[in-house]
Amino acid sequence: MTQSVLVQVGQCGNQVGCRFWDLVLREHANVNKKGIYDEALGNFFRNVDTRSTNGDDINLHKGIIRSLKARAVLVDMEEGVVNELLQGPLRDVFDSKQLITDVSGSGNNWAVGNKQYGCLYRDRILEVIRKTAEHCDCLQCFFLIHSMGGGTGSGLGTFVLSLLEDEFPEVYRFVTSIYPSADDDVITSPYNSVLAMKELTEHADCVLPIENQSLIDIVNKINQMANSGKSASAIKHQSTLISGQSKVKQQEKPFDAMNNIVANLLLNLTSSARFEGSLNMDLNEITMNLVPFPQLHYLVSSLTPLYTLADVNIPTRRLDQMFTDAFSKDHQLMYADPKRNLYLACALMVRGNVQISDLRRNIERLKPSLQFIPWNQEGWKTSLCSVPPVGHTHSLLALANNTCVKTTFMDLKDRFVKLYKKKAHIHHYLHVDGMEQSCFTEANNSLSSLIEEYNQLDATKGLPVTKMSRLSIAS
Amino acid sequence: MWPIAFMECPPFGYRLGSVAIKWDRNGGNWLPTKRLQILPWTALSDSSKDLQRRTSKQTAVDLNKQKSVQQGGYPFYASDGKLSALCVDSEPKVVKRLLREVKSGSFRDSNISLGLRGRGNNWALGYHGLQTQNDNSLLNRTLDSFRKEVERRDAYCGVILLHSLTGGTGSGLGARLCESIREEFPMGYILSVTVAPHQVGESPLQHYNSLLCLSWLQRYADGVLLFHNDDILRRMQALCGRKINHTTAQQPQISLSDMNTLIASCLAGLMYPVSNLRTRSGVGIGLEPWELLRTVCPMPTTKLLYTSQMNMRGTASWDSMLSSIVRTLPRHSPTGNTYHSTAVLAVARGTRAETFNCSLQPIMMKMKQGYGCVSWNPQALDYWTDPCNIVDLTSSSHSLTICANHSSVSDYIQHVLQKAQTMYDAHAYLHWYWKHGCEEGDFLQAFEILDSVVKEYNAAGDH
């Protein structure tokens, strides 16, 4: 069984990470009734005996759960979020040795995060990550959570990413990036995002871009359903995609609902690797199957169902509805229109009581409405995990490698170019040691060539298969 | 002379080697169960009490009916009561579950070889393995266990390899094992039981993996029993008695376990001892798989085999069973050519199997026509019978399992070739294969080999 390490960088990264640990504990508590430390738990947690006197916890590999420590590295250049975490209910899950903090923050400046703090904290970060990796028998994957618009998340986060590639080239790097919306309040977010994009394209194995606006829409949808429904259609407690552990609504912070969605995404992504099922899919299979060309590793994700109805007399939403929903825009975590664009590959990760016949039937049903690239008409990857998420009987996570992401990237590029043409705010960046104007142009070029690759693939839409000449995709 | 059953469990959960038998008391039909049941051969050596204790949650099989079954677990067990089988997987979940579900102690501990990371649906990773491990690699451990198992035999005859074409382990490590075993034991038979994926797509890499694995099997195996997921699913749905209807909400849920059951029962139907091949004292010595190969693969270049099965309760009507099997056979290729078979083997099992011999002439005629047997092979048709119906152990049930070297397989090969070529021309996913040790030559060779297979099948007919 393999292990994964979560690296949460920046304010956004840490807040999402906090929700993730909360929900993963809830999920395992739901499944693991006997309190025995099993391999599923071992994926994200160590079982330690904290009574040892020499300061180092002893790792227990089997037996009853004594004290769970998360396999996590928390990095933030401001102390606020991490301190809150350490004072909250999750404080025992983290080791103080896993935290790297500073006081002053990055000022929403990618260069400060990447170049300045990168240099300063490089050794420290490396040491912490190495220690965490040593605790793993078989480390398979790093999950990096960060935002693209800020300074620490985008700058230091991508620095950590390139560090992970250098030090652990065999370990997969999955990055969950929160992209800023068009009306983001951080002025320099286009700069930060594009500079970070270059790093993601070059160093990540797989990126799951998420847009804040989509999360807001999903939250609104759920709240609308919860508040407007009559008692007969009340939503089952704790079954929504946005519910957390705390039963009291006031205890939830403003972004918690949105962050819970991202946390659920990660839970569903790793469910097949952690729990048993009739058709398992490990994390390395996600990258192998969904990334046909090395740089085109941006996956659009969508989660269904958003909630479960409380009334058991109402027939459970038909399975087929769940599959249809996964391909509707309402359930996507980024603004994009995959149905109008070309699918390079699509993964369906199903949890719960769903059998292979249901899966095949739905694929047959949905296939005609989706356009797949000519050389990958059967580009489906499926998995069945028998453990459903908390509060649901079944759920589906769809990951699509679709050319629709280029629209988002083109928007991002436009916003970048608008600012860069006037060289607005550039001086803040150039003040930092190691940062030059060429960084900006390189990042812009990298993004442009990425968009161009997607365009090239789009051009093959509708072409008969035999007439296609060898595509020269940059590899 | 015992066969060694080699069970390879690819990461996405195929577990073969089990037969589930459930008598639907209400419907009066033979239905596969939804849960993994006992290994058929385990039933031989267990007392009925043991079995019922273990399968208390599942439908119990009435073991009193097995009085006709031979003692000792021969030929599937070693002399110390352990199965002569190895389980190999590059990640532990599936095999661990299998070990929980069968009787403890059935498998020898040293015959279980497990890796940790999985092979990521990548044939190259499966074939070459992880670069870091050397002596302790999954391949070496497996070959060690295999050698020891062979040494336990008086006379090693051959190995049966169970795997799929889609995964990384099943296709990649499977191909590697096939090659290695052939090198080490050139005189032994290698029969592979290969599961081909759903055509609509189980993994974008399935075409590459199938292409490479099939080319390896063509070179190193003696025969390949090919099962297609689409086919199996269709047969299961037909058995459950309902047609595929997209508008109705009520559909029988068919699990992978059900599908595996069907495959396992076809295998049991073919390989369980038959009267024709027992010694005079009635002992089965395990020649069935190798005789199957000798019968159904008259030419070394055409060795992809198609298996069908029908089981019925009540009075045996071999004719009607044969009719239902023949009805499901594909007759013509999409281009209009009629399919043909170079050889066919039918295995009739049941307490009244001798009636098969009585109605032989018309049955043989029907088989010849239905399967399109070629005229140049004077022994194109063969049959075995046995009074024990291992496929369904209740009394008064009969089964007919037919294995044919049918040229419809060339369509499938053609399909794989075409899809793989299209993807190869677009350079898609290739960086994963180069990264893990594959070369262009492997692909080009595979294209050539499978091309020639298609030509051979087309040429084998009566022209």
Side-chain angles (χ1 to χ4, degrees), chain A residues 1-2 39 137-138 140 170 273 275-294 315 318-320 344-346 353-358 360-361 363-365 367 372-384 460 465-466 468-473 475, chain B residues 11-15 34 90-94 96-97 115-122 125 130-132 167-168 197-207 229-230 233 236-237 244 246 249 251-259 418-419 421-432 435:
Chain A
M1 216 42 164
T2 53
E39 284 176 344
D137 286 328
C138 182
Q140 193 179 43
E170 296 302 320
F275 299 115
E276 279 182 0
S278 52
L279 200 59
N280 297 321
M281 180 152 116
D282 224 339
L283 294 163
N284 55 4
E285 292 177 41
I286 297 180
T287 42
M288 296 267 197
N289 282 290
L290 295 178
V291 181
F293 303 105
R318 292 191 316 165
L319 269 179
D320 295 15
L344 301 178
C346 183
N353 182 20
V354 182
Q355 300 296 354
I356 188 85
S357 52
D358 303 316
R360 304 302 338 159
R361 183 182 70 240
I363 291 181
E364 302 269 0
R365 189 172 58 90
K367 200 169 142 56
F372 274 79
I373 198 159
W375 44 257
N376 202 5
Q377 291 286 333
E378 294 84 28
W380 294 94
K381 173 68 188 150
T382 52
S383 85
L384 293 167
T460 64
V465 167
T466 44
M468 259 172 38
S469 54
R470 287 197 124 139
L471 296 175
S472 50
I473 301 288
S475 46
Chain B
F12 59 100
Y14 277 111
R15 300 186 314 280
K34 292 205 185 308
S90 62
E91 79 86 44
K93 288 199 284 281
V94 177
K96 290 224 161 125
R97 182 156 52 134
L116 283 177
R117 288 175 192 270
R119 294 293 183 258
N121 279 173
N122 187 327
L125 193 50
L130 299 169
Q131 307 296 352
T132 46
H198 290 283
Q199 301 253 19
V200 178
E202 277 182 38
S203 154
L205 298 173
Q206 68 188 47
H207 305 298
N229 268 347
D230 285 322
L233 187 58
M236 282 299 309
Q237 282 167 330
I244 302 167
H246 290 281
Q251 296 259 347
Q253 269 194 324
I254 296 182
S255 65
L256 277 170
S257 191
D258 296 332
M259 288 166 65
Q418 189 201 344
K419 293 286 176 182
Q421 188 75 53
T422 317
M423 229 190 239
Y424 190 74
D425 287 340
H427 272 280
Y429 296 104
L430 288 176
H431 65 281
W432 292 118
K435 181 175 179 188

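Predicted model, so just to flag it, every value in this text is computed and none were measured. Just so it is clear: chains get the letters A, B, ... in the order the sequence lines come, proteins before strands, and each one is counted from 1.
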Engineer: Which heavy-atom pair separates B/Ser203 from A/Lys381 by the least distance, and what is that distance?
Structural biologist: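 Taking B/Ser203 first and A/Lys381 second, the nearest heavy atoms are CB-CD, 3.9 Å.
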Engineer: Given that the side chain runs from C-beta out, which part of B/Leu116 has a heavy atom under 4.5 Å from chain A: side chain, backbone, both or neither?
Structural biologist: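 Contact with chain A involves both backbone and side-chain atoms of B/Leu116.
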Engineer: Report which part of A/Ser383 has an atom under 4.5 Å of a heavy atom belonging to chain B: side chain, backbone, both, or neither.
Structural biologist: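 Neither the backbone nor the side chain of A/Ser383 comes within 4.5 Å of chain B.
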Engineer: Most heavy-atom pairs under 4.5 angstrom with chain B, which of A/Val291, A/Thr287, A/Thr2?
Structural biologist: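 Result: the option with the highest number of such pairs is A/Val291.
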Engineer: Heavy-atom cut-off 4.5 Å, strictly under: side chain, backbone, both or neither for A/Asp282 against chain B?
Structural biologist: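 Interface part for A/Asp282: side chain.
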Engineer: Under 4.5 Å from any heavy atom of chain B, what part of A/Ile286 do you find: side chain, backbone, both or neither?
Structural biologist: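 Neither; nothing under 4.5 Å.
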Engineer: For A/Phe293 and B/His427, work out which heavy atoms get closest and say how close.
Structural biologist: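 Smallest interatomic distance, heavy atoms only, reads CE2-O, 3.4 Å.
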Engineer: When rounded to the nearest 0.5 angstrom, what distance separates CG in B/Asn121 from CD in A/Glu285?
Structural biologist: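 The CG atom of B/Asn121 sits 4.0 Å away from the CD atom of A/Glu285.
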Engineer: Can you tell me which portion of A/Leu283 sits under 4.5 Å from chain B's heavy atoms? Options are side chain, backbone, both or neither.
Structural biologist: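 Nothing of A/Leu283, per the 4.5 Å heavy-atom cut-off to chain B.
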Engineer: First locate atom CG of B/Leu233, then atom CD of A/Gln355, and finally report the distance between them rounded to the nearest 0.5 Å.
Structural biologist: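 The distance works out to 11.0 Å.
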Engineer: B/Lys93 side chain to A/Ala273 main-chain N or O, any donor-acceptor pair under 3.5 Å?
Structural biologist: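 Pair found, side chain donor or acceptor close to backbone of A/Ala273.
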Engineer: Counting only heavy atoms closer than 4.5 Å, note whether A/Asp137 contacts chain B via side chain, backbone, both or neither.
Structural biologist: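 No part of A/Asp137 comes within 4.5 Å of chain B.
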Engineer: Would you say that B/Met423 contacts A/Asn376 through its side chain, given a criterion of any heavy-atom pair below 4.5 Å between the two side chains?
Structural biologist: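 Side-chain contact under 4.5 Å: yes.
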Engineer: Heavy-atom distances under 4.5 Å only: say whether B/Gln421 touches chain A with side chain, backbone, both or neither.
Structural biologist: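 Neither the backbone nor the side chain of B/Gln421 comes within 4.5 Å of chain A.
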Engineer: Test A/Arg360 against B/Glu202 for side chain to side chain contact (heavy atoms under 4.5 Å, CB included), laying out the working first.
Structural biologist: CA-CA 9 Å; A/Arg360 304 302 338 159; B/Glu202 277 182 38; 3.6 Å; yes
Engineer: Counting heavy-atom pairs under 4.5 Å with chain A, which one of B/Leu125, B/Leu205, B/Asp230 comes out on top?
Structural biologist: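 Ranked by contacts with chain A, first place is B/Leu205.
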Engineer: Between the main-chain N or O of B/Arg117 and the side-chain N or O of A/Asn284, is there a donor-acceptor pair closer than 3.5 Å?
Structural biologist: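 Looks like yes, one N/O pair under 3.5 Å.
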Engineer: Could you pull out all residues at least two apart from B/Lys419 that satisfy side-chain contact (heavy atoms from CB on, under 4.5 Å)?
Structural biologist: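 For B/Lys419 the side-chain contact (heavy atoms from CB on, under 4.5 Å) partners, ignoring immediate neighbours, are A/Gln377, A/Glu378, B/His207, B/His415.
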Engineer: With sequence neighbours excluded, tell me which residues meet ring-ring contact (aromatic ring centres under 6.0 Å, His included) with A/Phe275.
Structural biologist: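 Result, ring-ring contact (aromatic ring centres under 6.0 Å, His included) vs A/Phe275: A/His28.
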Engineer: Does the side chain of A/Ile356 come within less than 4.5 Å of B/His198's, by heavy atoms?
Structural biologist: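 Counting from C-beta outward, B/His198 and A/Ile356 do come under 4.5 Å.
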Engineer: Would you name the heavy atoms of A/Ser357 and B/Gln237 that are closest together and state the gap between them?
Structural biologist: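 Scanning both residues completely, I find the closest heavy atoms to be CB-NE2, 4.2 Å.
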Engineer: Evaluate the side-chain proximity of A/Glu170 to B/Leu130: yes if any heavy-atom separation is below 4.5 Å, no if none is.
Structural biologist: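 No, their side chains stay 4.5 Å or more apart.
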Engineer: How long is the gap from CG on A/Asp358 to OG on B/Ser255, to the nearest 0.5 Å?
Structural biologist: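 Between atom CG of A/Asp358 and atom OG of B/Ser255 there are 10.5 Å.
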Engineer: Looking at B/Tyr429 and A/Asn289, would you say the former's side chain and the latter's main chain have a donor-acceptor pair under 3.5 Å?
Structural biologist: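 Yes.
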